[in-house]
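The figures here come from the full heavy-atom set of this structure, side chains too, leaving out hydrogens, waters and symmetry mates. A note on names: the letters A, B, ... follow the listed sequences, proteins ahead of strands, and every chain is numbered from 1.
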2 protein chains.
Amino acid sequence: MRIGELAERAGTTARTLRYYESRGLLPARRAVNGYRTYDESDLRLLRQIRTLQDFGFDLEETRPFVECLRAGHPAGDSCPASLAVYRRKLAELDGLIDQLQSVRAQVGAQLAQAEAARADVMRATAPPPRCELTVPTAQDITEQDPMNEGERT
Amino acid sequence: MRIGELAERAGTTARTLRYYESRGLLPARRAVNGYRTYDESDLRLLRQIRTLQDFGFDLEETRPFVECLRAGHPAGDSCPASLAVYRRKLAELDGLIDQLQSVRAQVGAQLAQAEAARADVMRATAPPPRCELTVPTAQDITEQDPMNEGERT
DNA sequence: GTAATCCTTGACGCCGACGTCAAGGCAAGG
DNA sequence: CCTTGCCTTGACGTCGGCGTCAAGGATTAC
C-alpha cells in the first residue's frame with residue numbers, strides 16, 4: 001500500500017503521514033523506486049494516532065501508544081506509559097473543564113448584570129412604555145371603529 | 001503617562017500595548033518627542049481588554065467593549081454589540097465544555113478498560129499472588145524472631 | 001560629560017499540525 | 001511519444017499574541 005491509499009483509508013492526507021514520519025512516529029519502508037510502502041499494521045498505528053488526536057492529544061502524547069502497538073501488544077493502551085498519558089490527560093481535562101466552567105459562570109454573571117443595567121437605563125431614558133405596541137394594528141382600528149360602539153354600550 | 005508606566009499599571013508589557021495599537025484597539029496620543037502618551041481613560045480601556053483576554057476572548061472580540069467605553073458609556077458591556085459578544089461566547093463555552101466532558105468520559109472509559117485488561121493479563125501471566133509482599137519487612141523478621149516467641153506463647 | 005534608563009521602529013522567532021506550491025521522477029494507458 | 005496521475009523532497013505559509021533582538025534617539029541621574 002502506498003501513501004495515498006493509506007491516507008485515504010485513515011481519513012487523512014499524505015502530507016500528514018509524511019509529517020508523522022518526519023517526527024519519527026510512523027516510519028515507512030521504501031519500494032525500489034523510493035515510494036513509501038505500508039501494510040495493515042501501519043494502518044492500525046495510524047488509526048491509533050488519529051483517534052487520540054481527535055481526543056485532543058498532542059502528537060507526542062500518542063507516541064507511547066504507537067510504540068506499545070509496535071512492541072506487539074494487542075492494544076495501544078496495553079502499556080503502563082500509555083496509561084500514564086491517559087491519567088495525565090484526565091487531570092488536564094478536569095482542570096480545563098473547571099476553568100471553563102468558572103469562566104462561563106463569570107461571563108454569564110456579567111451578561112446578566114449588563115442586561116439589568118441596560119433595562120434600568122431604558123426605563124430612565126424612554127417614557128414609561130405601555131403594554132401595547134405603538135404602531136396601531138388592525139385590532140386597534142377595529143376597537144376604535146364607531147360601528148362597534150353600539151355593541152359595547 | 002508613558003507606555004512603560006501604563007503597561008506596569010495594567011500588569012502587562014509595552015510590547016503588548018504597541019501590539020494593541022497596531023491592531024487599532026488602543027491608539028495613543030504622542031508627545032512632542034514622539035513618545036506615546038496615555039491617560040487614565042486609556043488605563044480603563046486596557047483593563048477592559050485584559051479582563052476579557054483573561055476570560056479567553058480573542059482580541060477582536062474585545063473591540064466592541066472598547067468602542068463602547070470610548071463612546072462614553074459607563075461600562076464596556078453597556079452596548080448591544082458587547083452583549084452579543086457575551087452571548088456568542090457563552091454558546092461557544094457551552095459547546096466547548098460539552099465537548100471536553102464527552103472526551104473526558106471517553107478517555108476515562110478507555111483508561112478503565114485498559115486497566116481492567118491489564119489486570120487480566122497480570123492474573124494470567126504471573127503466579128497467583130499472595131496478599132503479603134514478597135520482600136520481607138522488618139515486621140516479618142520480627143515475627144519470625146525466636147526472641148519473641150515466648151511473649152506470643 | 002556620560003552612563004543608565006527610558007523610548008522609537010522594524011523585523012524575525014515561536015508554537016503545532018499540518019496546507020500548499022514548486023520542480024521533478026516513475027508507471028501505465030492509448 | 002504523450003498524457004495522466006501517482007509519487008518524491010524542499011521549503012515557505014498559516015494562525016494569535018505576543019517575546020526578543022537590533023540600532024538608534026530622548027531623558028534623567030550623577
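Sorted by first and then second residue, the salt bridge (charged side-chain N to carboxylate O under 4.0 Å, His left out) pairs involving residues 15-27 of chain B (not counting sequence neighbours) are B:Glu21-B:Arg30, B:Glu21-B:Arg36. Legend: salt bridge (charged side-chain N to carboxylate O under 4.0 Å, His left out) pairs involving residues 41-56 of chain B, not counting sequence neighbours, sorted by first then second residue: B:Arg29-B:Asp42. Residues in residues 98-109 of chain A take part in these salt bridge (charged side-chain N to carboxylate O under 4.0 Å, His left out) pairs, two or more places apart or across chains: A:Arg104-B:Asp94.
Residues B:Leu69 and B:Tyr20 fall within the same hydrophobic cluster, defined by Ile, Leu, Val, Met, Phe, Trp and Tyr side chains chained together at heavy-atom separations under 4.5 Å. Each of A:Tyr38 and A:Phe65 belongs to its own hydrophobic cluster when Ile, Leu, Val, Met, Phe, Trp and Tyr are linked at side-chain heavy-atom distances under 4.5 angstrom. Residues B:Tyr19 and B:Phe57 are members of separate hydrophobic clusters, defined by side-chain heavy-atom contacts under 4.5 angstrom among Ile, Leu, Val, Met, Phe, Trp and Tyr.
The side chain of B:Thr13 places an N or O atom within less than 4.0 Å of a non-bridging phosphate oxygen (OP1 or OP2) of D:dG19.
Evaluation of the side-chain hydrogen bond (donor to acceptor under 3.5 Å, both in side chains) rule for A:Glu115 yields B:Arg87 as partners, not counting sequence neighbours. By the side-chain hydrogen bond (donor to acceptor under 3.5 Å, both in side chains) test, B:Thr37 is found to be paired with no residue, residues two or more places apart in sequence or in another chain being considered. Among residues two or more places apart in sequence or in another chain, the side-chain hydrogen bond (donor to acceptor under 3.5 Å, both in side chains) test is passed with A:Thr13 by A:Thr16.
Salt bridge status for A:Glu60 with A:Arg63: present, with a side-chain N to carboxylate O gap under 4.0 Å. A salt bridge is defined here as a Lys NZ or Arg NE, NH1 or NH2 lying under 4.0 Å from an Asp or Glu carboxylate O, and B:Glu5 with B:Arg2 fails to meet this definition.
In this structure, A:Glu5 places its CD atom 9 Å from P of D:dC7, rounding to the nearest Å. Atom-to-atom, CZ of A:Arg18 to P of D:dC12 comes out at 18 Å; the value is rounded to the nearest Å. Rounding to whole angstrom units, CG of residue B:Asn33 and C1' of D:dT28 are separated by 13 Å.
In terms of position on DNA chain C, the residue among A:Tyr35 and A:Thr12 whose nearest nucleotide sits closer to the 5' end is A:Thr12.
Less than 4.0 Å separates DNA chain C from at least one heavy atom of each of the following residues of residues 51-64 of chain A: A:Gln53, A:Asp58, A:Leu59. Of the residues in residues 90-100 of chain A, not one places a heavy atom less than 4.0 Å from an atom of DNA chain C. Residues from residues 19-31 of chain B placing a heavy atom under 4.0 Å of any atom in DNA chain C, listed by number, are B:Arg30.
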Give the table of side-chain donor-acceptor pairs shorter than 3.5 Å for residues 76-85 of chain A, with sequence neighbours excluded, one pair per line with atom names and distance.
unit_1: A:Asp77; atom_1: OD2; unit_2: A:Tyr86; atom_2: OH; d: 2.8
unit_1: A:Ser78; atom_1: OG; unit_2: A:Ala75; atom_2: N; d: 3.2
unit_1: A:Ser78; atom_1: OG; unit_2: A:Ala75; atom_2: O; d: 3.0
unit_1: A:Ser82; atom_1: OG; unit_2: A:Gly76; atom_2: O; d: 2.8

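For the atom pair CD1 (B:Ile49) and CG (B:Leu25), the distance works out to 4.0 Å, reported to the nearest 0.5 Å. With values rounded to the nearest 0.5 angstrom, A:Lys89 atom NZ is found 14.5 Å from B:Gln110 atom CD. A distance of 8.0 Å separates CD1 in B:Ile97 from CD1 in A:Ile97, rounded to the nearest 0.5 Å.
The overall bend of the helix from C:dG1-D:dC30 to C:dG30-D:dC1, read as the angle between its terminal helix axes built from five base pairs each, is 30° when rounded to 10 degrees.
For DNA chain C, the span of nucleotides reached by chain A at under 4.0 Å from its heavy atoms goes, 5' to 3', from C:dA17 to C:dC26.
Applying the 3.5 Å distance criterion, the base of D:dT8 shares no donor-acceptor pair with the side chain of A:Arg36.
Counting non-hydrogen atoms of other residues, nucleotides and ligands closer than 6.0 Å to CD of A:Glu8 gives a total of 12 or fewer.
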